> 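After the structure tokens below, expect a handful of questions from me.
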Amino acid sequence: MELTPERSERSHYVRVPADWIAGCSDAGRRHDVNQDALSLAVRETPPQAAVLAVADGVSTTPGSDRASLVAAQTAVDSLIASLRAGTDPGAALGAAFDAANDAVHAEAEDPAACTLIVAVIEDGLVTVGNVGDSRAYLVSDDGTAALLSTDDSMAQARIMLGMSRDDAEQSAQAHAITKWLGRQATDTVPSVTSASVRRPGWLLLCSDGLWNYASDPADMGRLLLDRATAAPEPGDLAESLVDWANEQGGKDNITVALARVS
């Protein structure tokens with residue numbers, strides 16, 4: 001059967017709205033439908049700014065591919081409006097997640113569910129809001145790497161109780177999420193954190209289809225910088241990271257959003 005245009009587009013796509021920001025989303029090797037989504041926006045006129053969003057549909061809820069797409073797009077649209085109005089990024093993220101959750105519920109009579117992570121880059125500051133288990137990493141060219149987001153998952157709960165990251169992420173129901181948007185969600189307030197960009201490097205947002213294979217910030221940092229050697233442009237680098245995840249097995253949908261920061 002011939003694939004529909006929408007299916008073909010969602011199976012693998014790349015977005016490059018500017019020469020310093022890009023994203024790639026891919027269905028992976030084991031799924032017929034890509035339930036991940038990304039959305040990007042950029043302001044090139046000074047002061048330069050960008051908004052990046054990655055959403056991951058909860059596979060147990062039918063229609064989660066639409067939920068993730070609506071959540072990512074709505075969050076970015078909301079943030080654009082808030083930032084134009086001069087709203088503080090932290091407050092703007094709270095409003096964006098409210099809007100995204102409302103949009104997921106409005107998408108269908110029986111709404112699906114998804115996770116969402118969003119980052120705002122403005123005036124040398126990165127502000128990240130997160131609900132679920134997609135992640136944000138800040139990787140400097142000197143190899144310094146930090147995980148900016150905190151997962152809403154059983155694995156993270158066990159880490160906070162003292163279990164090592166490796167053991168927690170291999171434990172039973174490690175990937176069970178404790179917060180999400182949409183169906184039966186009881187807490188959609190994002191965890192918000194900010195970090196100043198002190199060195200040239202990369203901001204990376206990704207779904208667990210990538211970080212499952214390189215969870216530790218140091219491992220992710222080495223992977224990103226190694227791939228950037230051969231693929232220094234954001235669009236090429238995003239695709240290279242997706243390709244790498246597929247080479248490891250591609251057991252889940254994979255989405256990467258990247259911005260060059262300095």
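Here the structure is a predicted model, which means the values were calculated and not measured.
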> With side chains defined as the heavy atoms from C-beta onward, is the minimum distance between L69 and R66 less than 4.5 Å?
yes
> Rounded to the nearest 0.5 Å, what's the gap from CG on L38 to CG on L205? Could you check?
10.0 Å
> Carefully, step by step, assess D142 and R199 under the rule salt bridge (Lys or Arg N to Asp or Glu O under 4.0 Å).
CA-CA 8 Å; D142 64 4; R199 311 173 191 87; 3.2 Å; yes
> Does one side chain, of T127 or S194, offer a donor that lies under 3.5 Å from an acceptor on the other?
yes
> Looking only at atom types and distance, does a side-chain atom of R15 sit under 3.5 Å from a main-chain N or O of G23, one as donor and one as acceptor?
no
> Is there a side-chain contact between N246 and D26, using heavy atoms and a 4.5 Å cut-off?
yes
> If we count only N and O atoms by modelled type, under 3.5 Å, do the side chains of T115 and D56 hold a donor and an acceptor together?
no
> Do the side chains of I254 and N34 get nearer than 4.5 Å, heavy atoms only?
no
> Taking the side chain as every heavy atom from C-beta outward, state whether V189 and F97 have any pair of such atoms under 4.5 Å apart.
no
> Charged N to carboxylate O under 4.0 angstrom, R135 versus D208?
no
> Look at the side chain of T74 and the backbone N and O of A71, then say whether any donor-acceptor pair between them is shorter than 3.5 Å.
no
> Any chance you could lay out the side chain to side chain donor-acceptor pair (under 3.5 Å) test for T87 and S82, step after step, and finish with the verdict?
CA-CA 5 Å; T87 306; S82 293; 4.5 Å; no
> Could you tell me whether E109 and R183 have a side-chain N and a carboxylate O separated by less than 4.0 Å?
no
> Between atom NZ of K179 and atom OG1 of T150, what is the distance when rounded to the nearest 0.5 Å?
10.0 Å
> Does the side chain of V51 reach to within under 4.5 Å of the side chain of L83, using non-hydrogen atoms?
yes
> Measuring from atom CG of N101 to atom OG1 of T188, what distance do you get when rounded to the nearest 0.5 angstrom?
4.5 Å
> Is there a path of hydrophobic side-chain contacts, each under 4.5 Å between heavy atoms of I, L, V, M, F, W or Y residues, that connects L210 with L147?
yes
> If we ignore hydrogens and angles and just use 3.5 Å, is the side chain of D110 paired with the main-chain N or O of A112 as donor and acceptor?
no
> Kindly indicate, with the supporting measurements, whether the criterion side-chain contact (heavy atoms from CB on, under 4.5 Å) is fulfilled by V118 and L93.
CA-CA 8 Å; V118 185; L93 280 165; 3.9 Å; yes
> Before giving the answer on side-chain contact (heavy atoms from CB on, under 4.5 Å), spell out for Y137 and C206 the whole-Å C-alpha distance, their side-chain angles and the decisive distance to 0.1 Å.
CA-CA 8 Å; Y137 294 86; C206 63; 4.0 Å; yes
> Are the side chains of D226 and L223 in contact, using a 4.5 Å heavy-atom criterion?
no
> Find the distance between CG (L224) and CG (L258) and round it off to the nearest 0.5 Å.
6.0 Å
> Tell me whether D36 contacts the main-chain N or O of S25 through its side chain, where contact means a donor paired with an acceptor under 3.5 Å.
no
> Are I117 and V192 connected in a single hydrophobic cluster, I mean Ile/Leu/Val/Met/Phe/Trp/Tyr linked by side-chain heavy atoms less than 4.5 Å apart?
no
> Look at the side chain of R10 and the backbone N and O of D65, then say whether any donor-acceptor pair between them is shorter than 3.5 Å.
yes
> Under 4.5 Å between side-chain heavy atoms, counting indirect links through other Ile/Leu/Val/Met/Phe/Trp/Tyr residues: same cluster for V256 and W244 or not?
yes
> Test side-chain contact (heavy atoms from CB on, under 4.5 Å) on V261 and L138 and set out the steps.
CA-CA 9 Å; V261 295; L138 187 61; 4.1 Å; yes
> Which value, rounded to the nearest 0.5 Å, describes the distance between S68 atom OG and L116 atom CG?
10.0 Å
> Is a side-chain N or O of S78 found less than 3.5 angstrom from the main chain of A75, in a donor-acceptor match?
no
> Are any side-chain N or O atoms of D133 and backbone N or O atoms of D151, one a donor and one an acceptor, separated by less than 3.5 Å?
no
> For the residue pair M220 and L204, establish whether any side-chain heavy-atom pair is separated by less than 4.5 Å.
yes
> Any side-chain heavy atom of R43 within less than 4.5 Å of one from E122?
yes
> Is R260 close enough and on-axis enough to W20, meaning under 6.0 Å and within 45°, for cation-pi?
no
> Quick one: does Y213's side chain have a donor or acceptor within less than 3.5 Å of a partner on E247's backbone?
no
> Tell me if a side-chain donor or acceptor on H105 pairs with a main-chain N or O of G182 at a distance below 3.5 Å.
yes
> Do S64 and Q35 pair up side chain to side chain, a donor and an acceptor below 3.5 Å, judged on atom types alone?
yes
